[in-house]
Amino acid sequence: MTEDTTPHAPPENGLQSPALPVAPDSSQDRGHIPPPAPHWLIRLVHQLRMLLLRLAIRMMPPQLTLFELATGGIVAQMLQQAIQLNIADRLDAGPMTAAELGTELNLRSDELHRMLRACSSAGVFSLDSAGRFSNNYLSRAMRSRVSGTFRDTVDYFTSPEINEVWTELPNTLRTGQGGYEQLHGCSVWEWYAQNPAAEARFARSMMGLSALDAQGIASARPFRQIKKLGDLGGGAGLILSEILRRNPQLQGVLLDAEGVLHIAQQLLTKRGVAERAELQPGSFFQDVPNGCDGLFLKNILHDWDDADVRTILGNCRSGLPVGGKLLLVEMLHEPNTPNRVSSISDVQMMMATARGRERSEAELASLLKEQGFELTRIHPLPGFQSLIEATAQPPAAAH
Ligand SMILES: C[S@@+](CC[C@H](N)C(=O)[O-])C[C@H]1O[C@@H](n2cnc3c(N)ncnc32)[C@H](O)[C@@H]1O
């Protein structure tokens, strides 16, 4: 994508929760985050990095590496503050000392300097020998008004909401129940329906993740053959908007909760595809949009346990003709192969969804087959996700 898909304007005083996400004018965009390298290169570099990391760990005293790991939560707290204070946006005009930032923010310069120095020790922001902070490769991706910003995603993962959910880990290990059920007595989605500001933050955070894979998904061959695509649980609509832009023959239907559709309406309008996109409030546990020859579910199945996934896939099969396309985006994860990205995503699903999990290719293929689909192809994507293509089989072939 070349234009701004930023979901919202930053709060003026830096301390209030952001306003409703509205993609700002592209004229306000102050530089793009570079597009991701090809998926194979990213995976290769990741493997190399893990290899070097393992080597380095063996050469360092274990105490130092364990110190770094055990203090990861401290880094997360500081990133949360850096976001609340809009530091990356403030540094966009040029380097600033903590004293200058502190004057703008009415904060103490010594403590601010120490916090930002610690952030820069973790790789976010640069600090020069004159004591001036500036944006670097990582902090530039935390600016609010740039295409593909990751600001809202960092905000979500470091938020008090998620910290609180993780305090329930001991109970989850005992009962298998996720954090929202334990804390609030309802599913995350029911809780979001009662907490629109948190629901909106989550939808914006998914946009940050989606931006990484949007082009790879939207340019995939299967979308070229579909006439009407239902995006189930499509969230803020970023991916659907990109698919519609790249596939002019397509009509789209976005099915999600009412509060989320409000955000999607603005984004689809902003990106010039609203007239080809219908917004349908509803639940994929009840039904799927009518008349679609393709259904798309990105990061949906990993939110649910196998029984719920069977219901969702069964509804998808009922809503598609034989030969219809089911396109899933999921983070495939083999059971006994740890991966720094997908293993963490998996435990986040464990804590923050209704018994959701990342699944292996074999697990997904089997669930698909049970519900009358054949897994036909897997397209790896840059963000460690895969676009999984399945075809609706004739009823006799269903098990
Ligand atoms: C993990 S998010 C994925 C959003 C989007 N597909 C993406 O990848 O950016 C899950 C989405 O499912 C929606 N959702 C949850 N339960 C749903 C239901 N029963 N029917 C329709 N959408 C639902 C949520 O509101 C949320 O937008």
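For this chain, numbers begin at 1 and follow the sequence in order. All values derive from a computational prediction rather than experimental measurement. Remember, it's 1-based here, ligands and their atoms both numbered in the order they're listed.
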Legend entry - Atom pair CG/NE2 of Asp305 and His302 - distance to nearest 0.5 Å: 13.5 Å
Legend entry - Within-shell test, Phe296 vs ligand 1, heavy atom, strictly < 4.0 Å: no
Legend entry - Backbone N/O of Gln393 and side chain of Arg317: donor-acceptor pair under 3.5 Å: yes
Legend entry - Note, Trp304 side chain near Phe284 side chain (heavy atom, < 4.5 Å): yes
Legend entry - Arg43 charged N/C atom sitting above Phe384 aromatic ring, 6.0 Å / 45°: yes
Inset, instruction - Could you check whether the rings of Trp191 and Tyr180 sit parallel, tilted or perpendicular, using 30° and 60° as the cut-offs? - result: tilted
Legend entry - Proximity of Ser210 to ligand 1 by residue part, where a heavy atom lies under 4.0 Å: side chain
Inset, instruction - Would you check whether Val260 has a nitrogen or oxygen atom less than 3.5 angstrom from a nitrogen or oxygen atom of ligand 1? - result: no
Legend entry - Minimum non-hydrogen distance to atom 4 (C) of ligand 1, winning option of Gly233, Ala214, Ala257: Gly233
Inset, instruction - Taking only heavy atoms of Trp304 into account, list the atoms of ligand 1 that are under 4.0 Å away from them. - result: 16 (N)
Legend entry - Polar atom proximity, Lys298 to ligand 1 (N or O, under 3.5 Å): yes
Inset, instruction - Check whether any side-chain heavy atom of Leu240 sits under 4.5 Å from a side-chain heavy atom of Phe296, and report yes or no. - result: no
Legend entry - Side chain, backbone, both or neither: the part of Trp189 lying under 4.0 Å from ligand 1 by heavy atom: side chain
Inset, instruction - Please determine if Leu232 has a nitrogen or oxygen closer than 3.5 Å to a nitrogen or oxygen of ligand 1. - result: no
Inset, instruction - Step through it carefully: locate the ring centre of Trp166, locate the ring centre of Phe157, and say whether they are under 6.0 Å apart. - result: no
Legend entry - Nitrogen or oxygen atoms of Ser283 and ligand 1 under 3.5 Å apart: yes
Legend entry - Part of Phe202 within contact of ligand 1 (heavy atoms, under 4.0 Å): side chain
Inset, instruction - Ignoring hydrogens and angles, tell me if any N or O in the side chain of Ser345 forms a donor-acceptor pair with the backbone of Ser342 under 3.5 Å. - result: no
Inset, instruction - Please state which part of Asp303 comes within less than 4.0 Å of ligand 1, counting heavy atoms only: side chain, backbone, both or neither. - result: side chain
Inset, instruction - Look only at the side chain of Ser120 and the backbone of Arg117, and say whether a donor-acceptor pair between them is shorter than 3.5 Å. - result: yes
Legend entry - Atoms of ligand 1 close to Gly235 [distance to a heavy atom under 4.0 angstrom, numbered from 1]: 27 (O)
Inset, instruction - Check the pair Val309 / Arg359 against side-chain contact (heavy atoms from CB on, under 4.5 Å), numbers first and verdict last. - result: CA-CA 11 Å; Val309 167; Arg359 295 180 172 82; 3.6 Å; yes
Inset, instruction - Check ligand 1 against Gly282 and write out every atom of the ligand that is under 4.0 Å from a heavy-atom position of the residue. - result: 20 (N), 21 (C)
Inset, instruction - Under 4.0 Å from a heavy atom of Ile300: give me the atoms of ligand 1 that qualify, with their elements. - result: 10 (C), 11 (C), 12 (O)
Legend entry - Side chain, backbone, both or neither: Leu209 near ligand 1, heavy atoms under 4.0 Å: neither
